Amino acid sequence: MRHCFLCTICCSMLLLAACQNSNTPLDADTRERIDSISNAQIKVSLIELDSVCLAAQKTTLPLLVDSIKKIRLFEIEQQLKTIPK
């Protein structure tokens, strides 16, 4: 949540800076700072995303597999009931 807040602040500052004069290109130092901030935020986001995916894989995936298996077993039982003996 803190990272989202920081990203919002950075984006707001960039937008405010962009409102000054749109005809002036960004200097090398500004582009480098933007790249550094972006790269740092991307690294943090990837780490958070990986941890969320791992947690979901350990908790949600087994539940989904179990429910799919139960449904499939029920379908097989229903099909077996229709076969004449």
Side-chain angles (χ1 to χ4, degrees):
M1 190 59 119
R2 187 175 135 238
H3 300 292
C4 215
F5 179 71
L6 291 175
C7 186
T8 303
I9 289 175
C10 289
C11 288
S12 299
M13 289 177 12
L14 289 174
L15 288 174
L16 289 174
C19 293
Q20 292 174 358
N21 187 355
S22 60
N23 294 332
T24 307
L26 297 175
D27 61 354
D29 187 45
T30 304
R31 287 194 311 264
E32 188 175 329
R33 279 188 272 149
I34 292 171
D35 287 343
S36 298
I37 292 169
S38 299
N39 288 334
Q41 185 62 40
I42 289 169
K43 286 179 184 178
V44 169
S45 297
L46 286 176
I47 292 170
E48 289 177 5
L49 185 61
D50 286 345
S51 64
V52 169
C53 287
L54 286 174
Q57 190 176 18
K58 291 179 182 177
T59 58
T60 308
L61 188 62
L63 296 174
L64 293 174
V65 170
D66 286 344
S67 67
I68 292 171
K69 186 177 178 182
K70 286 179 186 177
I71 292 171
R72 185 62 188 136
L73 287 174
F74 177 76
E75 290 173 348
I76 291 171
E77 288 175 4
Q78 295 301 315
Q79 288 175 354
L80 288 175
K81 287 180 182 178
T82 61
I83 298 175
K85 294 183 181 182

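Since we're looking at a predicted model, the values are computed, not measured.
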Identify every side-chain donor-acceptor pair in residues 31-40 under 3.5 Å, counting partners at least two apart or on other chains, and give the distances.
from  : atom 1 : to    : atom 2 : distance (Å)
Arg31 : NH1    : Leu26 : O      : 2.6
Arg33 : NE     : Asp29 : OD2    : 3.4
Arg33 : NH2    : Asp29 : OD2    : 3.2
Ser36 : OG     : Glu32 : O      : 2.9
Ser38 : OG     : Ile34 : O      : 2.8
Asn39 : ND2    : Asp35 : O      : 3.2

Partners passing side chain to side chain donor-acceptor pair (under 3.5 Å) against Glu75 (at least two apart in sequence or in another chain): Arg72
Heavy-atom distance under 4.5 Å between the side chains of Ile47 and Ser51, does that happen here? no
Sequence neighbours left out, what pairs pass salt bridge (Lys or Arg N to Asp or Glu O under 4.0 Å) with at least one residue falling in residues 50-71? none
Taking the side chain as C-beta and beyond, is there a heavy-atom pair between Leu63 and Thr59 under 4.5 Å? no
